[in-house]
Amino acid sequence: ANASEIRVATHGKSVAQLDTEIANAATVVCKRDSADDIMPSHARKACYRVSVQTAKVQLQQFAATEGKKLAQR
């Protein structure tokens with residue numbers, strides 16, 4: 001498990017804006033966790049994919065809690 005975490009503010013943002021911010025945050029987290037670029041590229045890609053998927057699940061859960069619906073992807 002990696003310790004890196006980035007919070008993305010959601011208030012007043014479109015789905016497209018959130019997608020962009022989530023992708024950027026995943027890139028930063030995976031670079032940060034790669035420890036001096038020794039992480040193989042396939043592991044960084046997997047990190048990115050899992051990070052984006054996790055963030056989108058969390059966003060959907062947040063939206064459900066707040067009584068909002070976001071477009072399914």
Side-chain angles (χ1 to χ4, degrees):
N2 295 322
S4 293
E5 181 178 290
I6 294 177
R7 294 192 181 269
V8 174
T10 60
H11 184 72
K13 294 182 181 171
S14 69
V15 171
Q17 288 171 312
L18 290 171
D19 282 344
T20 299
E21 289 195 25
I22 287 170
N24 291 340
T27 299
V28 169
V29 164
C30 293
K31 280 185 181 179
R32 187 181 296 162
D33 287 348
S34 70
D36 299 325
D37 266 346
I38 60 172
M39 183 186 288
S41 66
H42 67 279
R44 273 194 302 275
K45 288 177 185 175
C47 172
Y48 175 84
R49 190 172 48 255
V50 169
S51 296
V52 168
Q53 288 173 331
T54 300
K56 288 185 177 184
V57 166
Q58 290 172 341
L59 182 59
Q60 289 294 332
Q61 290 170 343
F62 171 77
T65 300
E66 295 295 312
K68 300 174 184 173
K69 180 153 175 76
L70 298 175
Q72 294 291 325
R73 303 181 211 29

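- Taking Thr54 as the reference, Val50, Gln58 meet the side-chain contact (heavy atoms from CB on, under 4.5 Å) condition, with sequence neighbours excluded.
- For Val8 against Ala25, the heavy-atom pair with the smallest separation is CG2-CB, 4.1 Å.
- Between Gly12 and Gln17, the shortest heavy-atom contact is O-OE1, 4.1 Å.
- Nearest heavy atoms, Ala23 versus Tyr48: CB-OH, 3.3 Å.
- Atom-to-atom distance recorded for Arg49:CZ and Ser51:OG is 10.5 Å, nearest 0.5 angstrom.
- Nearest heavy atoms, Leu18 versus Ala9: CD2-O, 3.8 Å.
- Counting only heavy atoms from C-beta outward, the side chains of Asp19 and Lys56 approach each other to under 4.5 Å.
- The distance from atom OG1 of Thr65 to atom CD of Gln60, rounded to the nearest 0.5 Å, is 11.0 Å.
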